[in-house]
Amino acid sequence: MGIQATRGTRDILPEEIGNWQQIEAIARETLARAAYQEIRTPIFEQTDLFERGIGETTDVVGKEMYTFKDRGDRAITLRPEGTAGVVRSYIEHGMQAQGGVARLWYTGAMFRYERPQAGRQRQFHQLGVEVLGSGDVRADAEVIAIATDILQSIGLKNLTLQLNSIGNADDRQNYRTALIEFLTPHKEKLDPDSQTRLTKNPLRILDSKDAQTQAILENAPSILDYLSSESKQRFDRVQALLQDLGIPCNINARLVRGLDYYTHTVFEIQSDDLGAQATVCAGGRYDGLVAQLGGADTPAVGWAMGLERLVILLQQIQQTRQSLNAKRGASIDFYVVSRGEKAEGQALRLAQSLRRVGFATELDMSGSAFGKQFKRADRSGAAACLILGDTEAENGTVQIKWLKTGEQSAIVQSELLSNVDQLRQQLIDER
Ligand code: ATP
Ligand code: MG
């Protein structure tokens, strides 16, 4: 057998590319209207950037990075996410010095060594936004609203926004102490990863997918009880803004980011239609990250979407639509059948004229007997079949057969398109 694509990677084939382009086009347009600018950063960076920018106690840095030494003995990592590179670039190019708020977006391939399954790959694609330089609650609401707009324009349904606040560093320190105090007596019953995290990064335990750990967490203290009045007020304002925008949300006190530079708002958008890999968009505020990576103190907020998961959802919608269309017989307008040299030439010309004025038209090019062509016309889902034989070719007419009623009549070819609006209306009536 020949060489196959590496485990966890996939080709995006020509028949799928339309969905990718559609999603990218919708995002591009939505982001342009909101004055976000695209940025493209390198696919690999110094390993150190991700260790500092994502955090050594995270799964991503701890076990998922593609890290290697290049021929000059530099420690290099294929980017596992987009934020660290964008922030590095923001600092390196002094975007902060230009004043004001930088609204950036990116898309591209990301790399993580994970167990591949539906919606989870080793090379996958994200599209993300970062708003750097605004600590305003409106920035939190704006990025969430834009994510919602993009997902809605793609046509996705059954999405829920999960929202939480993890407060400021002091709030989190207090919560951390309370959580350790609560979990320590249960330590033996936690899953092994969570046991390690108990001292290193206890907030991440809330993320555990282990059932027994989750059962223990039922009675754990809630971060929302540890927010200072200032943090709480901020969280209330974010919720009020979202309500104003008509964006419903579920408050989920279990939703966290385990690292010190994350602050206040965290959120995820989940789909009911994806099974285990349900999160299509995840983000939050990270007021400490720019400083952590060597820049000046800069508040920031952003999110990333997983494009493979969006493509899966878009395909599901199309499949439902196609099976509905097949039942309704509504996918194309005309199916053109013909036989005999002269008729076949005219059929092609007629199909082209119909297409040019906007009718979806399929031309049967088999040259087979009329009977076989009619069967294909019936299966095509067209509203009408156009028939050209020797007689029609001789006198410049065409038979039009409405497939729902079976009604058939002859019309002069040049007259078929003499009143396009009327023909369009007739197609609607005959469906
Ligand atoms: P998960 O809990 O699914 O592993 P995560 O917290 O690691 O997600 P983020 O780092 O927040 O994910 O990435 C944002 C989004 O990117 C995810 O919500 C998901 O849609 C997508 N994503 C993350 N990892 C993968 C992957 N390996 N394959 C495909 N999509 C992914
Ligand atoms: Mg992950």
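Positions are given from 1 along the sequence. Note that ligands are numbered from 1 as they come in the structure, with each ligand's atoms numbered from 1 the same way.
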For this session: Tell me, please, which residues at least two apart from His186 pass side chain to side chain contact (heavy atoms under 4.5 Å, CB included).
Result: Phe182, Lys189, Ile216
Would you mind listing each N/O atom of ligand 1 next to any protein N/O under 3.5 Å, plus the distance?
unit_1   : atom_1 : unit_2 : atom_2 : d
ligand 1 : 3 (O)  : Arg120 : NH2    : 2.9
ligand 1 : 3 (O)  : Arg309 : NH1    : 3.4
ligand 1 : 3 (O)  : Arg309 : NH2    : 3.4
ligand 1 : 4 (O)  : Arg120 : NH1    : 2.9
ligand 1 : 4 (O)  : Arg120 : NH2    : 3.3
ligand 1 : 7 (O)  : Arg112 : NH1    : 2.9
ligand 1 : 10 (O) : Arg112 : NH1    : 3.1
ligand 1 : 10 (O) : Arg112 : NH2    : 2.8
ligand 1 : 13 (O) : Gln126 : NE2    : 3.0
ligand 1 : 16 (O) : Gln126 : NE2    : 2.9
ligand 1 : 18 (O) : Thr279 : O      : 3.3
ligand 1 : 20 (O) : Thr279 : O      : 2.8
ligand 1 : 20 (O) : Gly306 : N      : 3.4
ligand 1 : 27 (N) : Glu114 : OE2    : 2.6
ligand 1 : 27 (N) : Gln121 : O      : 2.8
ligand 1 : 28 (N) : Gln121 : N      : 3.0

For this session: Indicate the ring-plane relationship of Trp402 and Phe334, choosing parallel, tilted or perpendicular according to the 30° and 60° boundaries.
Result: tilted
Exercise. Between the side chains of Asp171 and Ser231, is a donor N or O closer than 3.5 angstrom to an acceptor N or O?
Worked result: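 Short answer, yes.
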Exercise. Do Asp193 and Thr196 have side-chain atoms, one donor and one acceptor, less than 3.5 Å apart?
Worked result: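 No pair is found: no donor N or O on one side chain lies under 3.5 Å from an acceptor on the other.
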For this session: Given salt bridge (Lys or Arg N to Asp or Glu O under 4.0 Å), test Asp140 with Arg234 step by step and report yes or no.
Result: CA-CA 10 Å; Asp140 307 40; Arg234 197 182 188 288; 3.1 Å; yes
Problem set entry | Heavy-atom check, side chain of Gln373 versus side chain of Ser366, under 4.5 Å | yes
